[in-house]
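Computed from a prediction, not measured in an experiment: that's the story for all the values here.
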Amino acid sequence: MVCLGNICRSPLAEGILTHKLDPEQFLVDSVGTGSWHVGDPPDKRSIAVAAGHGIDINHLRGRQLSVNDFENFDHIYVMDQSNLADVLALREKSNSSTPVTMILDSIFPGENVDVPDPYHGGREDFKKVFDMLDQACDKIAERLEKRQ
């Protein structure tokens with residue numbers, strides 16, 4: 001799960017998908033394309049919205065996407081077009097063929113819909129982002145579990 005700073009959208013997506021999957025079978029992680037929040041916990045509003053749905057993301061810490069992620073993960077989901085471009089550029093440097101997909105393509109196939117960045121918004125913006133990611137992660141979890 002990839003967003004810009006790895007404190008709002010991607011830790012929410014990581015928490016949601018982890019909550020939906022068997023942790024013995026699947027590893028879910030999140031990163032940012034930028035380095036501003038490496039080592040930082042998720043935004044307190046992301047933590048609160050996740051907690052309101054019984055998901056604890058308080059332990060997560062920000063990290064930056066690296067070429068190793070293309071070797072360590074079977075699929076990479078991005079939150080918006082800007083991050084898609086950054087991830088694809090890094091993937092090209094890594095000579096990887098790891099699939100990179102807009103996360104909302106799972107509910108809006110081929111439409112390249114962005115998950116809006118709630119950072120400069122309020123709690124309602126974080127709730128809306130949670131709901132979008134929850135729907136997308138339902139579809140992703142269904143697909144992954146069918147492969148098992």
Side-chain angles (χ1 to χ4, degrees), residues 1-47 49-50 53 55-121 125-126 128-148:
M1 304 297 180
V2 183
C3 70
L4 183 60
N6 193 215
I7 59 167
C8 296
R9 297 170 290 176
S10 59
L12 271 176
E14 176 185 349
I16 293 166
L17 189 57
T18 298
H19 188 73
K20 294 177 185 297
L21 296 171
D22 178 353
E24 299 293 320
Q25 299 291 319
F26 298 96
L27 172 64
V28 181
D29 198 3
S30 63
V31 297
T33 55
S35 62
W36 308 280
H37 298 290
V38 169
D40 293 346
D43 185 288
K44 64 184 178 189
R45 296 164 293 179
S46 286
I47 293 170
V49 168
H53 290 87
I55 300 170
D56 181 10
I57 62 170
N58 203 35
H59 62 283
L60 301 179
R61 294 295 176 263
R63 71 178 188 86
Q64 188 173 14
L65 180 70
S66 75
V67 292
N68 293 337
D69 290 312
F70 296 102
E71 295 173 20
N72 295 331
F73 294 94
D74 296 328
H75 204 107
I76 295 177
Y77 293 95
V78 299
M79 302 297 141
D80 59 40
Q81 302 271 344
S82 175
N83 288 299
L84 177 64
D86 291 342
V87 172
L88 290 175
L90 187 59
R91 182 182 73 174
E92 189 174 310
K93 291 178 184 175
S94 75
N95 294 316
S96 172
S97 61
T98 301
V100 177
T101 307
M102 297 278 289
I103 193 166
L104 293 184
D105 275 2
S106 60
I107 52 177
F108 304 113
E111 294 184 31
N112 293 325
V113 176
D114 287 350
V115 176
D117 189 343
Y119 184 74
H120 294 290
D125 297 299
F126 281 80
K128 288 177 188 173
V129 165
F130 182 95
D131 291 341
M132 290 176 177
L133 293 173
D134 190 42
Q135 288 179 23
C137 287
D138 276 342
K139 298 290 186 186
I140 293 167
E142 286 173 23
R143 213 168 323 154
L144 292 171
E145 288 172 340
K146 284 180 184 176
R147 293 181 188 167
Q148 289 296 321

### Task
Determine, for Arg147 against Asp74, whether the closest basic-nitrogen to carboxylate-oxygen distance falls under 4.0 angstrom.
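No salt bridge links Arg147 with Asp74.
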Within this structure, what is the [atom1]-[atom2] distance for the pair [X] and [Y], rounded to the nearest 0.5 Å?
X: Asp43; Y: Phe126; atom1: CG; atom2: CZ; answer: 4.0 Å
X: Ile16; Y: Asp134; atom1: CD1; atom2: CG; answer: 5.5 Å
X: Asn83; Y: Met102; atom1: CG; atom2: CE; answer: 9.0 Å
X: Met79; Y: Leu133; atom1: CE; atom2: CG; answer: 5.5 Å
X: Met132; Y: Ile103; atom1: CE; atom2: CD1; answer: 11.5 Å
X: Cys137; Y: His19; atom1: SG; atom2: NE2; answer: 11.5 Å

Where [X] and [Y] come nearest, the two heavy atoms and their spacing:
X: Pro41; Y: Arg61; result: CB-NH1, 3.2 Å
X: Thr98; Y: Phe73; result: CG2-O, 3.4 Å
X: Ser30; Y: Ser10; result: CB-O, 3.3 Å
X: Ser106; Y: Lys139; result: O-CG, 3.6 Å
X: Leu12; Y: Ser46; result: CD2-O, 3.6 Å
X: His37; Y: Gly5; result: CB-O, 3.4 Å

### Message
Under a 3.5 Å threshold, yes or no: a donor from one side chain and an acceptor from the other, between Asp69 and Asn72?
### Response
no
#### Entry: Working for side chain to side chain contact (heavy atoms under 4.5 Å, CB included), residues Asp117 and Asp80
CA-CA 9 Å; Asp117 189 343; Asp80 59 40; 5.6 Å; no
Can a donor-acceptor pair be found, under 3.5 Å and without considering hydrogens, that links the side chain of [X] to the backbone of [Y]?
X: Arg45; Y: Tyr119; result: yes
X: Gln64; Y: Thr33; result: yes
X: Asp40; Y: Gly62; result: no
X: Gln81; Y: Asn112; result: yes

### Query
Would a 4.5 Å heavy-atom cut-off, applied to side chains only, mark Asp29 and Arg63 as touching?
yes
### Query
Are Leu4 and Arg9 side-chain neighbours, meaning at least one heavy-atom pair lies under 4.5 Å?
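Yes. Closest side-chain heavy atoms under 4.5 Å.
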#### Entry: Glu92, CD: over 12 other non-hydrogen atoms inside 6.0 angstrom
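No - once you tally the heavy atoms of other residues, nucleotides and ligands closer than 6.0 Å, there are 12 at most.
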### Message
Applying side chain to side chain contact (heavy atoms under 4.5 Å, CB included) to Val115 and Tyr77, what does each step give before you reach the verdict?
### Response
CA-CA 11 Å; Val115 176; Tyr77 293 95; over 6 Å; no
### Task
Before giving the answer on side chain to side chain contact (heavy atoms under 4.5 Å, CB included), spell out for Leu90 and Val67 the whole-Å C-alpha distance, their side-chain angles and the decisive distance to 0.1 Å.
CA-CA 7 Å; Leu90 187 59; Val67 292; 3.6 Å; yes
### Query
For Val100, what residues pass the side chain to side chain contact (heavy atoms under 4.5 Å, CB included) criterion, not counting sequence neighbours?
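Checked Val100 against side chain to side chain contact (heavy atoms under 4.5 Å, CB included); matches are Phe70, Ile76, Val78, Leu84, Val87, Leu88, Arg91.
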### Query
Step by step, would you call Glu14 with Ile57 a side chain to side chain contact (heavy atoms under 4.5 Å, CB included)?
CA-CA 8 Å; Glu14 176 185 349; Ile57 62 170; over 6 Å; no
